[in-house]
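Okay, structure first, notes after.
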Protein chains: 2
Amino acid sequence: MAQRKRATIREVAQATGLSPAAVSYALRGMQVSEETMQRVRQAAAELGYEADPIARALASGRTGMIGLLCGSLEDLWQQSLAVGIGRALRDKDRYALILDAAGDPARERTLALQLRDQRVDGLIVQPVDPAARFWADLADSLPVVAIGDALLHGHTAAEVVFDNRRGVTMALEYVRDKGHRHVAVLTPTRPSTPDRPADVHVIAEAERLGLDIDVRTAGQGLADSAEVATGLLTRPDRPTAVFCFSDSIAYGVYKAAGELGLSVPQDVAVMGYDDHPMSELLGLTTVNWDLDGIVRAAVKLVVAASDGKAHHRRIVQAPGLRERLSVQPPARR
Amino acid sequence: MAQRKRATIREVAQATGLSPAAVSYALRGMQVSEETMQRVRQAAAELGYEADPIARALASGRTGMIGLLCGSLEDLWQQSLAVGIGRALRDKDRYALILDAAGDPARERTLALQLRDQRVDGLIVQPVDPAARFWADLADSLPVVAIGDALLHGHTAAEVVFDNRRGVTMALEYVRDKGHRHVAVLTPTRPSTPDRPADVHVIAEAERLGLDIDVRTAGQGLADSAEVATGLLTRPDRPTAVFCFSDSIAYGVYKAAGELGLSVPQDVAVMGYDDHPMSELLGLTTVNWDLDGIVRAAVKLVVAASDGKAHHRRIVQAPGLRERLSVQPPARR
DNA sequence: TCGCTTCACTGATACGTTTCAGTGAAACGC
DNA sequence: GCGTTTCACTGAAACGTATCAGTGAAGCGA
């Protein structure tokens, strides 16, 4: 009720006998005398004045917010990433505007443009469709840092790149070394683009390693992949191992296996990719990325770029292998 | 580079020979002739005009955004909730500004006020400290819908209430019926308030059921609770069952148990609370809430309230029991 | 003393919309 | 045919800040 109207900069100006401009300068620590500084500070405190972020955004074109556009938040690892980035930004007094493209390129475009209109100071994105044209325009009007694999053709301010080729090789070699020959590969659904580097690499590597693979797309989350996995595991010639291109997908395989009365790793080996915190509990052997390092790198890059301090840096993340229990040699049949 | 400046409403006005005001009205479908409507639509399309959300927010005081202030995003179930709410809002052409209080009441206050300054049209909150004073002021200046247990003393526009008393009773009765007498209770860390209904109820119920309980606070996430659980499980008189006040905490117990070579449920029974998707995979017996229903209810209430359509509604969620494998009768020792 | 620079501050305008108070014309009731 | 509504629209004033182009005074070197 009481609803006291907020104090404006004009009132602070009046209280101190200065002009609004001087108050504005003082509050942002620019070129004012020590005495004025003090007076303004005090008056602002007394009036409970705080600059209106919307008016500030309109006038200055900056908001202090960083947009975070996730490829698909159905993926648990991406959830962790989003939470981590939100937290890291907060520690730098920036705030994240988190949006979810839900795997849809059209939505990705809409949201990205919307974020720009919201005057975010920078954008962190895990592109669904890295080949889309609008990224170039977007990167011209604000700092963009891309996280992931196939990136934005050098239009970005910066990139945190996963060495997925290496990751895939590690995973497949591990599975091969455990004795598997017939392995299914479950990848997240992505827009059909002529070149999907990771998938292409999977096929090439499988060939090199003499693996008989079967690549399928399996949605983004646990539920979708469970369905696909059910189809896969009920076939007469079911694979002895499944390599999932995200831990979330692997969880779906666990679910499907459980429902079919199959056990991991005795009846089917499962190899993951990401290393979500839950994977430890499930004993999922998986490719590991340094989530914390990725978060820090992305935040550092976007903050620097939004301050005009840096240009097009590229940080490459190396994968590790978390060996747990879910991949064992195949049983004789 | 090219950076063509955005079209403004003035340019559309000029192109149509109307006043900016008329264009503004037309674009929002208010009181204009059919012909004008058409002309404006066409001109806007040709110029690629879209209203600037910031300017709009400054002038109208509305943004179309809904703030979502989570108690602690370290909790996986709250992550799911946030993702779900974000998605549901998007379906109503609203967008969520998701912030994480990280269990800190001071931060919660700061962020809530910040959200108001951002002119969100409404606020969905899982309060860390429901007793805090500022909620009253806040609810006076914008629609607030609270999700959870101990709520905001009627200051809110609406509430989605969990019947935690019932949930706790169900959980404890189930554990008792399985034959457990000595059970530990792990609750999330909350600010110390004189009355914590749920905890108080836990103690009362335990007494009624003749349970010997040991209540401990265990952080919010998997990592913290694992540490607490390790302490608990290495005691000579370790409890035969652990009731965790969130599935995330239960996961921590699994982790601790795994590291100690203890197995669930043979060596220790674990009862969860929330029913996160992963709990199915782990076979965690848990109290189940209708996440989807909660999401829909919260979004519906906040959207209605932000449109000035509803006042103080209260929706009560009933718990269910998901019986899985993690609670079995205690082994003789 | 003079000119030049630096400093601290002011006045005005810009940012791009919404919205309030009209305004003239047409429609309407009687 | 006259007063009253309604309609479609206009002009101008918000909204609350940042910032640009000055401005007067002080400081400085020669």
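We use all heavy atoms of the structure for the numbers below, so side chains are in, but hydrogens, waters and symmetry mates are not. Quick note on labels: first sequence line is chain A, next is B, and so on, each numbered from 1.
Atom CD of A:Q14 is surrounded by 12 or fewer heavy atoms from other residues, nucleotides or ligands within 6.0 Å. Counting non-hydrogen atoms of neighbouring residues, nucleotides and ligands closer than 6.0 angstrom, the CZ atom of A:R41 reaches no more than 12 such neighbours. Atom CZ of B:R109 has 12 or fewer heavy atoms from other residues, nucleotides or ligands within 6.0 Å.
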Please tabulate, one pair per line, each protein N/O and nucleotide N/O from nucleotides 7-11 of chain C that are separated by under 3.5 Å, including the distance.
unit_1, atom_1, unit_2, atom_2, d
C:dC9, OP1, A:S33, OG, 3.4
C:dC9, OP1, A:T36, OG1, 2.1
C:dC9, OP2, A:S33, N, 3.0
C:dC9, OP2, A:T36, OG1, 3.3
C:dT10, OP2, A:S19, N, 2.8
C:dT10, OP2, A:S19, OG, 2.8

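Here the side chains of B:D100 and B:E74 are not in contact, with every heavy-atom distance at 4.5 Å or above. When side chains are defined from C-beta on, A:F134 does not count as touching A:R116, because their heavy atoms never get closer than 4.5 Å.
A close approach under 4.0 Å does not occur between any side-chain nitrogen or oxygen of B:R56 and OP1 or OP2 of C:dG16. Contact between the side-chain N/O atoms of B:R28 and the OP1/OP2 oxygens of C:dT19 is found at a separation under 4.0 Å.
Using a 4.0 Å heavy-atom distance criterion, A:T8 is classed as a sugar-phosphate-only contact. Heavy atoms of A:S60 sit under 4.0 angstrom from primed sugar atoms or phosphate atoms, though from no base atom.
The distance from atom CD1 of B:I54 to atom P of D:dG16 is 15 Å, rounded to the nearest whole Å. B:R6 places its CZ atom 9 Å from the P atom of C:dG16, with the value rounded to the nearest Å. Computed from coordinates, the A:D52 CG to D:dA14 P distance equals 17 Å when rounded to whole Å. In this structure, B:R10 places its CZ atom 9 Å from P of C:dA14, rounding to the nearest Å. At whole-Å resolution of the value, CG in B:D117 and P in D:dT17 are 10 Å apart. Taking atom CD of residue A:Q118 and atom P of nucleotide C:dG16, one finds them 15 Å apart after rounding to whole Å. Whole-Å rounding puts the A:D121 CG to D:dA18 P distance at 14 Å. Atom-to-atom, CD of B:E11 to C1' of C:dT17 comes out at 14 Å; the value is rounded to the nearest Å.
When the C1' atoms of four end pairs are superposed on the next four at each end of the helix from C:dT1-D:dA30 to C:dC30-D:dG1, using five pairs per end, the two resulting axes differ in direction by 30°, to 10°.
In summary, of the residues considered (B:I85, B:L301, B:I315, B:V295), a side chain to side chain contact (heavy atoms under 4.5 Å, CB included) with B:I147 occurs for B:I85 alone.
Using modelled atom types and a 3.5 Å distance limit, the side chains of B:Q42 and B:E46 yield a donor-acceptor pair. Side-chain atoms of A:S306 and A:R94 include a donor-acceptor pair closer than 3.5 Å.
Checking C:dG16, D:dT17, C:dT19 against every side-chain atom of A:L58, the shortest atom distance belongs to C:dG16. Listed candidates were C:dT19, C:dG16, D:dT17. Nearest to the side chain of A:A51 is D:dT17.
With B:T16 contributing its side chain and B:V12 its backbone, the two residues share a donor-acceptor pair below 3.5 Å.
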